[in-house]
**Student:** 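Dumping the structure here so I can ask a few things about it.
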Amino acid sequence: MFALVAAVHAAPAFDAVAELEAAKIEIAKLREEALSFKAVASEREALFSSSPIPEPMVTPSFKSVQPGVFDISGMAYLGGIVGGDGKFLAVHDAKPKEDSDLSSGDPKTRVSMFMLPKKEEKDATEGLEGGLMHLEFTDLAFPDPPGIITGHRSTDLESVARIPGTNLVLLCESGNSADDACNATRADPKHGLPDPTWRYDATASKTDPAFCETPPPRIYVSEVTAGEKPTVTIKQEIYWTEFYPGWVNVEATAVGKWPAPAPGAPDLYVFLWAERESTTIHYTDLVLDANNTVSIGRPGGFDSKSFALPPPMNQTLNRPIVSLDVDDSGGIYAAAAYDTDGDFGPYNSAVYKIGELAGGSVDIYPEPKMFAEVNGFKVEAVARADKVPVNMYEDGEASAVSGPMTFLGTDDENYGGTLRPINLTLADLEHDEL
């Protein structure tokens with residue numbers, strides 16, 4: 001009995017010792033883990049203290065939504081010229097004084113070429129990576145008028161008129177803001193040029209007595225190529241005063257083609273133009289000789305016809321004619337705009353058909369017949385385009401072409417510019433709200 005009791009009481013003492021030893025081993029493991037963690041923490045602290053988190057390589061900044069896209073003051077479709085399908089020649093209304101004020105010293109671009117988006121580019125990039133493309137002609141040298149320094153730069157190009165069936169275009173200055181200093185002394189009655197003994201400077205400071213903001217306006221007859229290496233070459237200059245001495249601010253020009261009077265006879269053309277704040281279309285003869293020399297005008301000067309804007313257009317569009325174009329069928333199209341001369345808008349515009357070349361005469365409708373409102377934009381260019389490659393306006397093959405289409409270009413000042421196709425509809429203008 002004594003032996004059994006002793007065995008029972010000895011067993012608990014034996015288990016306690018074993019548990020104590022196991023606990024000591026566990027504590028030793030925990031101590032090692034703590035020391036290891038502390039070492040790792042010390043290493044990380046040393047790493048971050050000596051190597052702070054680097055700053056971003058590029059500081060975030062705003063970028064232009066339309067980098068390099070200029071305000072479009074005028075444009076003409078180049079279809080039919082080699083490489084010209086889907087391309088437009090456009091002008092921009094910079095002035096020599098604006099160039100001299102630029103800190104970069106580089107003059108503003110006056111002429112550029114636009115190319116419509118292509119279906120192939122959209123398919124290849126899963127988006128319009130290419131989009132609307134444009135090419136600047138930065139090396140164009142415009143001749144200085146006699147007696148006036150312009151830095152070989154044009155002054156306020158506001159319209160482009162292509163001579164139908166040719167690769168010749170007319171780049172037209174408006175004459176806007178023509179000041180007395182440039183035009184006061186007219187020693188040359190043919191061109192209306194200033195006294196050649198006095199040299200004016202369109203690039204000088206406005207406080208300089210020799211400063212003139214706008215020399216007598218000219219039309220630059222230019223040859224265009226539109227292939228792999230597009231070019232624009234100025235061939236000739238014509239002064240507005242040679243056929244239209246009463247110019248004020250001509251923002252719209254176009255050239256139409258008459259049917260040849262007989263087989264083999266030279267083509268006949270008509271030159272149309274309009275002042276920005278008028279509803280009167282002026283027109284006269286344009287002659288292109290065998291050497292591609294252009295002359296504008298005829299004995300008796302020019303003719304004029306007017307149309308009326310119905311309400312509310314006559315109240316909401318303060319610039320009734322800012323652009324003109326004549327399409328292949330002889331239709332005459334115009335654009336109008338609302339502008340308070342501010343650079344932030346809001347703007348409003350309209351594009352409409354105002355007449356046609358028919359029976360050897362210029363027929364201007366009493367009121368526009370076709371119409372499209374362009375709210376929020378300041379349209380300054382309208383161009384009719386026939387045979388636009390279908391892969392440039394819908395998901396068709398490049399070999400197919402469109403029928404006549406209407407395109408517009410905008411000059412939205414601080415909001416840039418753009419080029420877009422639009423639809424014209426036969427509308428009751430008196431009931432359209434602008």
**Student:** Would Thr293 and Asn291 count as having a side-chain donor-acceptor pair, cut-off 3.5 Å?
**Tutor:**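 Absent: no donor and acceptor within the cut-off.
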**Student:** Enumerate donor-acceptor pairs with a distance under 3.5 Å from any side-chain N or O in residues 271-278 to protein atoms, sequence neighbours excluded.
**Tutor:**
| residue | atom | partner | partner atom | Å |
| --- | --- | --- | --- | --- |
| Glu275 | OE1 | Asn249 | N | 2.5 |
| Glu275 | OE2 | Tyr244 | OH | 2.8 |
| Glu275 | OE2 | Val248 | N | 3.0 |
| Arg276 | NH1 | Glu251 | OE2 | 3.3 |
| Ser278 | OG | Thr280 | N | 3.0 |

**Student:** Using a 4.5 Å cut-off on heavy atoms from C-beta on, say whether the side chain of Leu317 contacts that of Asn314.
**Tutor:**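 Not in contact.
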**Student:** Can you find a heavy atom in the side chain of Pro368 that is under 4.5 Å from one in the side chain of Phe307?
**Tutor:**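 Yes, their side chains come closer than 4.5 Å.
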**Student:** Under a 4.0 Å N-O cut-off, is there an ion pair linking Asp71 with Lys108?
**Tutor:**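 Not counted as a salt bridge, because no side-chain N and carboxylate O are separated by less than 4.0 Å.
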**Student:** Return yes if a side-chain donor-acceptor contact under 3.5 Å exists between Glu367 and Tyr352, otherwise no.
**Tutor:**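 Absent: no donor and acceptor within the cut-off.
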**Student:** With rounding to the nearest 0.5 angstrom, report the CG to CD1 distance, Leu286 to Ile296.
**Tutor:**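 The CG atom of Leu286 sits 5.0 Å away from the CD1 atom of Ile296.
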**Student:** Main chain of Pro312, side chain of Gln315: is a donor-acceptor contact present, judged purely on distance under 3.5 Å?
**Tutor:**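 Checking the backbone N and O of Pro312 against the side chain of Gln315, no donor-acceptor pair under 3.5 Å is found.
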**Student:** What's the spacing between Leu408 CG and Ile72 CD1 if we round to 0.5 Å?
**Tutor:**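 Reported to 0.5 Å precision, the distance equals 8.5 Å.
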**Student:** Determine yes or no for a side-chain-to-main-chain donor-acceptor pair under 3.5 angstrom, with Lys369 supplying the side chain and Tyr365 the backbone.
**Tutor:**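 It does not hold such a pair.
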**Student:** Counting distance only, does the side-chain N/O of Thr203 pair as donor-acceptor with the main-chain N or O of Thr150 below 3.5 Å?
**Tutor:**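 Checking the backbone N and O of Thr150 against the side chain of Thr203, no donor-acceptor pair under 3.5 Å is found.
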**Student:** Kindly determine whether Thr109 and Thr138 satisfy side chain to side chain donor-acceptor pair (under 3.5 Å), including the steps that lead there.
**Tutor:** CA-CA 6 Å; Thr109 299; Thr138 58; over 6 Å; no
**Student:** In the structure I gave you, are the side-chain heavy atoms of Thr166 and Tyr269 within less than 4.5 Å of one another anywhere?
**Tutor:**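 In short, these two side chains touch, coming nearer than 4.5 Å.
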**Student:** What I want to check is whether the side chains of His282 and Ser304 have a donor and an acceptor closer together than 3.5 Å.
**Tutor:**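 His282 vs Ser304: donor-acceptor pair found between side chains.
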**Student:** Is the terminal nitrogen or CZ of Arg153 (NZ for Lys, CZ for Arg) located under 6.0 angstrom from the six-membered ring centre of Phe142 and within 45° of that ring's axis?
**Tutor:**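 Relative to the ring axis of Phe142, which defines the angle, Arg153 lies outside at least one limit.
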**Student:** So, are Asp267 and Lys257 salt-bridged, with charged N and O less than 4.0 Å apart?
**Tutor:**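 Yes.
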**Student:** Under 4.5 Å between any side-chain heavy atoms of Val221 and Ile238, yes or no?
**Tutor:**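 Touching, per the 4.5 Å side-chain cut-off.
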**Student:** May I have all residue pairs that pass side chain to side chain donor-acceptor pair (under 3.5 Å) and include part of residues 317-326, sequence neighbours excluded?
**Tutor:**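 Of all non-adjacent pairs touching residues 317-326, those that pass side chain to side chain donor-acceptor pair (under 3.5 Å) are Arg319-Asp339, Arg319-Asp341.
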**Student:** With distance as the sole criterion, is a donor-acceptor pair present between the side chains of Glu413 and Tyr347 under 3.5 Å?
**Tutor:**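 No, Tyr347 and Glu413 have no side-chain donor paired with an acceptor closer than 3.5 Å.
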**Student:** For Gly246, does its backbone N or O pair with a side-chain atom of Trp240 as donor and acceptor, under 3.5 Å?
**Tutor:**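 Flag not set: sc Trp240 to bb Gly246 has no pair under 3.5 Å.
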**Student:** Are the side chains of Leu89 and Met113 in touch, meaning some heavy atoms are under 4.5 Å apart?
**Tutor:**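 Contact flag for Leu89/Met113 side chains = yes.
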**Student:** Does atom NZ (Lys305) have a neighbourhood of more than 12 heavy atoms from anything else shown, all under 6.0 Å?
**Tutor:**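 Enclosed.
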**Student:** If you measure only the distance, is there a donor-acceptor pair under 3.5 Å linking the side chains of Thr279 and Ser306?
**Tutor:**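 Thr279 vs Ser306: no donor-acceptor pair found between side chains.
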**Student:** May I ask you to decide if His152's main-chain N or O and Asp144's side chain share a donor-acceptor pair within less than 3.5 Å?
**Tutor:**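 Pair found, side chain donor or acceptor close to backbone of His152.
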**Student:** What distance do Lys118 atom NZ and Met392 atom CE have between them, rounded to the nearest 0.5 Å?
**Tutor:**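 Spacing of NZ (Lys118) from CE (Met392) equals 4.5 Å.
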**Student:** For atom CG of Asn414, decide whether the heavy atoms of other residues, nucleotides or ligands shown that lie under 6.0 angstrom number more than 12.
**Tutor:**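 Yes, because the 6.0 Å sphere around CG of Asn414 holds more than 12 heavy atoms from other groups.
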**Student:** If you measure from CE on Met370 to OG1 on Thr425, what distance do you get to the nearest 0.5 Å?
**Tutor:**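 If I round to the nearest 0.5 Å, the distance is 7.0 Å.
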**Student:** Between Tyr77 and Phe88, does the ring centre distance come in under 6.0 Å?
**Tutor:**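 Yes, the ring centres sit under 6.0 Å apart.
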